[in-house]
Amino acid sequence: MCIRERICAYTSHFPHLVAFLLIELLEDKMGQQNVLDCIGTGFRDTTRIAASDEEIWSEIFINNRENMLRTIEKFKKNLGKIEKWIKESDVENLKIWIEKVKEARMRI
């Protein structure tokens, strides 16, 4: 397995998938009042890449399927952990996690 393809799954391919999913989540709400007023710059910045070409990105997802599937599994595991903390109102673990992620982001 090529390390470059694994890293690209994390840094490029999966972020595109997430952007597509974020837009899909919002799509059925678009007709509701005040939806556009609630869309801030963070959402716009995060989903900018959702306007990407469907031919290119469907091929990229399939061509790097092994790494994409591994990345999706890891994301689901991490999401499950966060979901549990939110359900349990576990503010302490959320704070620790956010701080850890913030420190990692600052190194980029």
Side-chain angles (χ1 to χ4, degrees):
M1 174 183 315
C2 175
I3 187 75
R4 181 172 167 24
E5 290 302 314
R6 188 175 333 146
I7 299 301
C8 283
Y10 284 135
T11 62
S12 174
H13 307 164
F14 190 74
H16 273 79
L17 179 66
V18 170
F20 295 138
L21 289 168
L22 286 170
I23 294 296
E24 182 183 47
L25 283 172
L26 184 66
E27 184 180 25
D28 67 330
K29 308 284 187 236
M30 289 301 291
Q32 295 179 6
Q33 187 176 357
N34 300 324
V35 170
L36 294 177
D37 295 337
C38 293
I39 297 175
T41 56
F43 188 84
R44 283 188 179 92
D45 291 346
T46 303
T47 60
R48 175 188 55 80
I49 58 177
S52 297
D53 183 85
E54 67 278 3
E55 293 290 329
I56 291 170
W57 282 100
S58 59
E59 287 182 32
I60 288 172
F61 292 158
I62 298 304
N63 289 334
N64 198 16
R65 82 174 53 100
E66 233 178 271
N67 291 305
M68 284 297 293
L69 292 171
R70 281 191 182 98
T71 303
I72 290 167
E73 280 305 311
K74 185 170 185 174
F75 186 86
K76 287 186 336 188
K77 180 181 172 188
N78 290 346
L79 186 61
K81 174 180 65 178
I82 305 308
E83 179 182 32
K84 179 179 179 275
W85 292 339
I86 292 170
K87 279 182 184 176
E88 296 172 354
S89 298
D90 189 342
V91 174
E92 195 56 38
N93 270 321
L94 285 167
K95 285 180 182 179
I96 292 166
W97 172 72
I98 291 168
E99 179 66 24
K100 179 182 166 190
V101 170
K102 181 171 70 172
E103 289 172 3
R105 175 59 177 95
M106 297 303 286
R107 292 191 304 268
I108 295 176

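Worth knowing before you read on, the calculation uses all heavy atoms, side chains too, and leaves out hydrogens, waters and symmetry mates.
- Taking SG of C38 as the reference point, atom NZ of K29 lies at 12.5 Å (rounded to 0.5 Å).
- Here the OG atom belonging to S52 is positioned 8.5 Å from the CD1 atom belonging to I60, to the nearest 0.5 angstrom.
- For the residue pair A9 and P15, the shortest heavy atom distance occurs at O-CD, 3.9 Å.
- Residue pairs meeting the salt bridge (Lys or Arg N to Asp or Glu O under 4.0 Å) criterion with at least one partner in residues 36-63, sequence neighbours excluded, do not occur; the list is empty.
- Taking CG from N63 and CD from E5, the interatomic distance works out to 8.5 Å, rounded to the nearest 0.5 Å.
- For NZ of K81, the number of neighbouring non-hydrogen atoms (other residues, nucleotides, ligands) closer than 6.0 Å is greater than 12.
- Both F43 and L17 are part of a single hydrophobic cluster, where members link through side-chain heavy atoms under 4.5 Å apart.
- Considering only heavy atoms from C-beta on, L22 comes within 4.5 Å of V18 through its side chain.
- To the nearest 0.5 angstrom, L25 atom CG is 11.5 Å from T47 atom OG1.
- Using a cut-off of 4.0 Å between Lys/Arg side-chain N and Asp/Glu carboxylate O, K76 and E73 are scored as salt-bridged.
- Side-chain contact between E24 and L21 is present, with at least one heavy-atom pair separated by less than 4.5 Å.
- Judged by distance alone, the side chain of S12 and the main-chain N or O of C8 form no donor-acceptor pair under 3.5 Å.
- In terms of heavy-atom proximity, T46 sits nearest to A19 at O-CB, 3.7 Å.
- If you chain together hydrophobic residues whose side chains sit under 4.5 Å apart, L79 and I86 never meet in one group.
- A 4.5 Å side-chain heavy-atom check between R6 and N64 finds every atom pair outside the cut-off.
- Applying the ring pair (Phe, Tyr, Trp, His ring centres under 6.0 Å) rule to F14 yields the partners F75; only residues at least two apart in sequence or on another chain are considered.
- Within the model, atoms CD1 of I72 and CZ of R65 stand 12.0 Å from one another, a figure rounded to the nearest 0.5 Å.
- I49 and F61 are assigned to two separate hydrophobic clusters, defined by single-linkage of ILVMFWY side chains at heavy-atom distances under 4.5 Å.
- Cluster annotation: I98 and V91 are assigned to distinct hydrophobic clusters (Ile/Leu/Val/Met/Phe/Trp/Tyr, side-chain heavy-atom contacts under 4.5 Å, transitive).
- A salt bridge between R107 and E103 is absent, with no side-chain N of the basic residue lying under 4.0 Å from a carboxylate O of the acidic one.
- Here the side chains of N93 and I82 are not in contact, with every heavy-atom distance at 4.5 Å or above.
- Hydrophobic clustering (ILVMFWY, side-chain heavy atoms < 4.5 Å, transitive): V101 and I96 are in distinct clusters.
- Relative ring orientation between H13 and W57 is described as perpendicular, the plane-to-plane angle rising above 60° on a 0-90° scale split at 30° and 60°.
- Shown here are the ring pair (Phe, Tyr, Trp, His ring centres under 6.0 Å) partners of Y10, two or more places apart in sequence or in another chain: there are none.
- The distance from atom CD1 of I3 to atom CD1 of I7, rounded to the nearest 0.5 Å, is 4.5 Å.
- Under the 4.0 Å criterion applied to side-chain N and carboxylate O atoms, K95 and E92 are not assigned as salt-bridge partners.
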